[in-house]
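Please read the structure below before turning to the comments.
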Amino acid sequence: MPFPEQIGSTISSAASRTFNFVVVSNRLPVDRVERGDGGAWQHSPGGLVTALEPVMSSNDGAWVGWPGIADRDFESFESDGAWLVPIRLSEQEVAEYYEGFSNDTLWPLYHDVIAQPSYHREWWESYVEVNRRFAEAAASVAAEKATVWVQDYQLQLVPAMLRELRDDLTIGFFNHIPFPAYGIYSQLPWRRQIVEGLLGADVIGFQRNADAGNFARAVRRILGYSAKGTIIEVPETDDEGRARVRTVIARHFPISIDASGYEKLANDPGVQERARQIRHELGDPKFVMLGVDRLDYTKGIGHRIKAFGELLAEGRLSGEDAILVQVASPSRERVETYRQLRDEIELAVGRINGDYSTIGHQAISYLHHSYPREEMVALFLAADVMLVTALRDGMNLVAKEYVASRVDEDGVLVLSEFAGAADELKSALLINPHDIDGLKDAIMTAVRMPKRDRAMRMRALRRRVIEHDVARWSNTFLEVLGRTQPADAPAVATTDE
Ligand code: G6P
């Protein structure tokens, strides 16, 4: 049984165990869900967990994170080969550190201020306090000279706090979201503290080369340190008060997916049958377009709906022939900007459906749910055109999931140049989502594209995604990090590629 329902004394007695490999992320790979009949552990949302699970199963590692529920203490426990260390957050910390500073300050700021970031000193204080709690927990489960890998924007102070507590550790950090240009980053009242926090790591990973460049520029401008290529020189003093330089590597490591897992599902006859059934249930339209996103303002869902609506209005697409399926999974629903976005999207969908749906056929099939991976792969197989129109996105794993699922070498990916994936997926139809006319033309190019061209593009995309899968991402990061370890430190096992 993977998750213990009752966490008993046998588990807590092992609480002093230490590990050579520790992952620290805001969320644990499992969320605690309370139901009428008691509590249960469920796999938590987000690509991060999927990305790190294979690394954890290759290493007897520990994972420090929040179980997704406020004001509850849980003992550490074992799940799927990893030792999970739950961190308690109070209701107020969820509001200030998670919903506030992480998702209403850093998230909009790092995504090029698509939404206005809020700056509140109380939120910052909570961010510092919670980061310290994560650092202390990581320090207590890390063995002598262990490797600790800290994840994402919610925990940018952890590397320096951890180094302060344990200078024997090798510390990696990976930022899953963009790092903005200095002109934007410099708005942050705590810009210095965040950069100093990150520089506690030995290796700082970003999605795109441009993100690493933006970070290096911030280091030069704010701290005046030398940052050339991927090497940043951090001046320090040793125990005897002598000046020395510590080297930090900052470079890009584009994240990916478990491509073979998606291929396997896409080759499953049951999933293929489900794909045919989906098309049939949609009324066997000529063209199925698909959008799959967390309901987030960075994803450009409104831009996509607008383009589709205009194509219907102009008669370039007919409501009888075309359907847009939009899966918008619920996200951060207590943050006001997300509530407003939901209202805006649902209003736009309602208008277009009111104008163009018929009794037997909907123009837009809008689904405010999350689905299991099998159902997603069936949807990918059913979709002629995948629309990824993010206004800003660290990577966008959905684009890669679509490509990995198209084992039939068919389907067209329309991809925003503002998603990290655009650096790699060059055979997609690349678009600027702000240019609605350009987006509309790309959609028409996609629906009219001859089968031979579709196959040629999809083959090139598939080569990239299959060769550069998530195992390669984590192995590359851990190899670069491993090279910074002292010779006598325990090595971290890489995963099978
Ligand atoms: C993005 C972030 C992750 C986050 C995920 C889901 O992918 O990079 O750190 O976990 O969104 O968001 P949530 O706020 O629900 O954890």
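Ligands are counted one by one from 1 in listed order, and the atoms in each one are counted from 1 as well. None of these values were measured; they are calculated from a predicted model.
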- Message: Please determine whether any non-hydrogen atom of Gln151 lies less than 4.0 Å from an atom of ligand 1.
- Response: no
Review item, side-chain donor-acceptor pairs of residues 326-336, under 3.5 Å, at least two apart:
unit_1	atom_1	unit_2	atom_2	d
Gln326	OE1	Arg304	NH1	2.8
Gln326	NE2	Gly291	O	3.4
Gln326	NE2	Asp293	OD1	2.9
Ser329	OG	Asp293	O	3.4
Ser331	OG	Arg294	NH1	2.9
Arg332	NH1	Asn103	OD1	3.4
Arg332	NH1	Tyr338	OH	2.9
Arg332	NH2	Tyr153	OH	3.2
Arg334	NE	Glu99	OE2	2.8
Arg334	NH1	Glu91	OE2	3.3
Arg334	NH2	Glu91	OE2	3.2
Arg334	NH2	Glu99	OE1	3.3
Arg334	NH2	Glu99	OE2	3.1
Glu336	OE2	Gln340	NE2	3.4

- At a 4.0 Å threshold, what atoms of ligand 1 neighbour a non-hydrogen atom of His176? 8 (O)
- Query: Hey, are the side chains of Leu157 and Arg132 touching, using non-hydrogen atoms and a 4.5 Å cut-off?
  - Reply: no
- Query: Hey, which atoms in ligand 1 end up nearer than 4.0 Å to a heavy atom of Ile177?
  - Reply: 8 (O)
- Checking heavy atoms under 4.0 Å, the part of Arg27 that sits near ligand 1 is side chain
- Item | Flag for Asn26-Tyr97: side-chain donor and acceptor within less than 3.5 Å | yes
- Residue pairs passing the salt bridge (charged side-chain N to carboxylate O under 4.0 Å, His left out) test with at least one member in residues 193-206, sequence neighbours excluded, are Arg163-Asp202, Arg192-Glu196
- Item | N-O pairing of Arg472 and Glu467 below 4.0 Å | no
- Query: Taking 4.0 angstrom as the limit, do Arg342 and Glu346 come out as a salt bridge?
  - Reply: yes
- Item | Among Gln154, Met395, Arg332, closest by any non-hydrogen atom to atom 1 (C) of ligand 1 | Arg332
- Message: Polar contacts were defined as any N/O atom of the residue lying under 3.5 Å from an N/O atom of the ligand; does this apply to Trp107 and ligand 1?
- Response: no
- Item | Winner among Asp31, Asp152, Asn26 once heavy atoms are compared against atom 2 (C) of ligand 1 | Asp152
